[in-house]
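Here is the structure we will look at, set down as C-alpha cells.
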Number of protein chains: 2
Amino acid sequence: MSPTELPQSRLSSDVYSALRRQIVTGELRPNQPLIELDLAERLQVSRTPVRESLQRLAHAGLVVPRKRGWAVREFTPDEIRQNAELRMVLEGYAASLAATRGSPSDIAAIAAIHERRLKLRSSDEEMRVKTNRDFHDAIMCASGNERLTDAIYHSGQFYFNAPIARATTGEELSFGNADHAQIVAAILKRDGPAAERAMRSHIQRTFAVFWKVTGLHV
Amino acid sequence: MSPTELPQSRLSSDVYSALRRQIVTGELRPNQPLIELDLAERLQVSRTPVRESLQRLAHAGLVVPRKRGWAVREFTPDEIRQNAELRMVLEGYAASLAATRGSPSDIAAIAAIHERRLKLRSSDEEMRVKTNRDFHDAIMCASGNERLTDAIYHSGQFYFNAPIARATTGEELSFGNADHAQIVAAILKRDGPAAERAMRSHIQRTFAVFWKVTGLHV
DNA sequence: GAAAGCAAGTTTGTATGCAAACTTGCGTGC
DNA sequence: GCACGCAAGTTTGCATACAAACTTGCTTTC
C-alpha cells in the first residue's frame with residue numbers, strides 16, 4: 001500500500017479506511033455533505049479521529065472543503081479524463097523504467113502474471129480484475145521508483161478502478177491481453193520507449209472503453 | 001496554489017503553512033522529532049491544530065510517522081533522484097500538452113516569459129529564479145490538466161526548489177536559457193513529442209547541476 | 001402579505017482533560 | 001558489576017467542553 005496510508009494509530013486509521021471505502025464504493029455519494037458528528041456516531045467514535053481522517057481524505061483529493069464543513073468530491077467528466085491522462089503518463093514511464101532498469105526477477109514476474117492471465121476464461125471476471133491489477137502493480141514495482149509508484153496511487157486511480165473493472169466488457173479482454181502482450185514484449189526486449197508507448201496506448205484504450213460504456217463525454 | 005492548500009480554518013491553516021515553511025527552509029531539520037506540545041507552545045496554539053497539520057504534512061510527504069509521534073522526513077539521495085525523475089515525467093508531459101493543446105494566448109505567455117528571461121543579467125539571481133518558476137508555471141497552466149499540475153506540486157518539488165535555485169551557478173544560466181529556447185521552439189511548432197523530450201532533457205540537466213554542486217551521489 | 005430582524009439550533013474550530021502506551025532512570029538483587 | 005524490574009515522567013490518542021460562526025425559522029412591523 002502507499003506510504004501515505006499511515007499505520008499510526010488504530011482508531012483514526014480505521015476511520016480513514018472506512019470513509020475512504022464508503023466514498024470509493026459510492027456509499028457516500030458525491031457532493032454529499034459530511035457532518036462530523038454524524039460520521040462520528042455512525043462509526044462509534046468521537047469527532048477527533050473523524051476530523052483527522054477528513055483532513056487526510058481532503059489531501060488525497062476525495063473530499064473537498066465547503067464554506068461550512070466538507071463534502072464528498074464530485075469528479076467532473078473532464079477531471080476523470082485528466083486523471084486518466086495523468087495515470088497514462090505515470091504508468092507509461094513506469095513501464096519504461098521496468099524495461100530499462102527492471103531486474104531479471106522483476107521482469108520474470110511481470111511475464112509470469114501475463115501468462116497466467118492469458119489462460120483465464122472470459123467469464124472469470126473477478127480473476128480478470130485481480131490479475132490486471134497484479135500486472136500493473138508488478139510493472140510499478142519493477143520501475144524501482146517509489147515516488148512514481150506513490151504518485152500513481154495518489155492519482156486517485158482507485159476511485160475509478162472499480163467502475164472501470166465493471167464497465168469493461170468481455171470484448172475488452174482480447175485487446176487487453178493483446179495490449180499487455182505488447183507491453184511485455186517491449187519490456188523483455190528492454191526497449192524503454194516502446195514499453196512507454198505501449199502502456200500509454202493501453203491505458204488510452206482502456207479509458208476509451210470506460211467512456212463508451214459509461215456514456216461519459218469528454 | 002495547489003488545490004490541496006485548503007483555506008479551511010484560520011489557525012489550523014496558519015500552523016500548516018508555518019510548519020511547512022520551517023521544514024522546507026530547514027529550520028526544522030530532517031529526522032528531528034516533532035513533539036506536539038513543543039510545536040503548540042512555539043506557535044501559541046493548542047495541540048489540536050498542530051495534530052491536524054501534522055496529518056496533512058504527513059500526507060504531503062514532508063513528515064513521517066515514528067513509533068512514537070512524527071519526525072521531519074529525511075530524503076535520501078536516491079529519493080531525491082526519484083523525485084527528480086518524477087518531476088521530469090510530469091513536466092515533460094505538461095510541455096507536450098502545452099504544445100498540442102495550449103491556447104494561442106497560453107503559448108504567447110510562455111514565449112513572453114522566455115523573452116523576458118533572456119534579457120536578464122547573470123547577476124540578477126532573484127529575478128532568474130522567479131522567471132524560471134514563471135516559465136515552468138506557464139507551461140503547466142497551458143497544459144490545461146489540473147490533475148497533472150496538482151501532481152507536479154505534490155511531487156514535493158518545493159522542497160528542493162530553494163536548494164536547486166541556490167546551487168545552480170551562473171554557468172547554468174546559459175544552458176538553462178538554451179534549454180528553454182528549445183522547449184519554446186517545440187511548443188511554437190506545436191510539436192508535442194519534441195516539447196516533451198526537450199523538457200525532460202532540461203530537467204535532467206538541471207538536476208545534474210544540482211548533484212554536481214551539492215556533491216550528492218546517486 | 002412581504003421583508004427584516006431576532007432568537008434558537010447546528011456545526012465547526014480550538015482547547016483541554018484523561019487514560020493508555022512508551023521511555024527513562026534509578027534501585028535492588030543476583 | 002551487571003542485569004532486571006519497577007516507578008516516575010513523557011507523549012500520544014481519543015473524548016469532550018466551550019465558544020464563535022453560520023442557518024433557519026418564527027415573529028413582528030410596515
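Proteins get letters first, then strands, A, B, ... in listed order; numbering begins at 1 in each.
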- To the nearest angstrom, how far is B:Glu52 atom CD from C:dT12 atom C1'? 11 Å

- Message: Heavy atoms from C-beta onward define the side chain here; which of C:dT11, C:dT14, C:dT16 lies closest to that of B:Arg47?
- Response: C:dT16

- Message: Looking at B:Asp38, is its backbone amide N or carbonyl O close enough to the side chain of B:Glu41 to form a donor-acceptor pair, meaning the two atoms are under 3.5 Å apart?
- Response: no

- Judged by nearest nucleotide, the residue sitting upstream toward the 5' end of DNA chain D, B:Thr48 or B:Ile35, is B:Ile35

- Specify the separation, in whole Å, of atom CZ of B:Arg56 and atom P of C:dG13. 11 Å

- Considering just the side-chain nitrogens and oxygens of B:Arg51, establish if one lies under 4.0 Å of OP1 or OP2 belonging to D:dT12. no

- Item | Protein-nucleotide distance (A:Leu34, atom CG; C:dT11, atom C1'), rounded to Å | 13 Å

- Message: Ignoring hydrogens and geometry beyond distance, is a side-chain donor-acceptor pair present between A:Asn31 and A:Arg66 at under 3.5 Å?
- Response: yes

- Nearest-Å distance, CZ (B:Arg66) to C1' (C:dA21)? 18 Å

- Message: Quick check: do A:Arg87 and A:Phe207 have side-chain heavy atoms less than 4.5 Å from each other?
- Response: yes

- With sequence neighbours left out, what residues match A:Gln22 under side chain to side chain donor-acceptor pair (under 3.5 Å)? A:Arg42

- Task: Check for a donor-acceptor pair, side chain of A:Glu79 on one end and backbone N or O of A:Thr76 on the other, with a separation under 3.5 Å.
- Result: yes

- Message: Once you measure the plane-to-plane angle for B:His180 and B:His136, does it fall in the parallel (<30°), tilted (30-60°) or perpendicular (>60°) bin?
- Response: perpendicular

- Message: With the threshold set at under 4.0 Å for non-hydrogen atoms, list the residues of residues 36-46 of chain A touching DNA chain D in residue-number order.
- Response: A:Val45, A:Ser46

- When all nucleic acid strands are considered with a 4.0 Å heavy-atom cut-off, which category describes A:Leu54: base, sugar-phosphate, or nothing? nothing

- Query: With distance as the sole criterion, do the side chain of B:Arg68 and the base of C:dA21 form a donor-acceptor contact below 3.5 Å?
  - Reply: yes

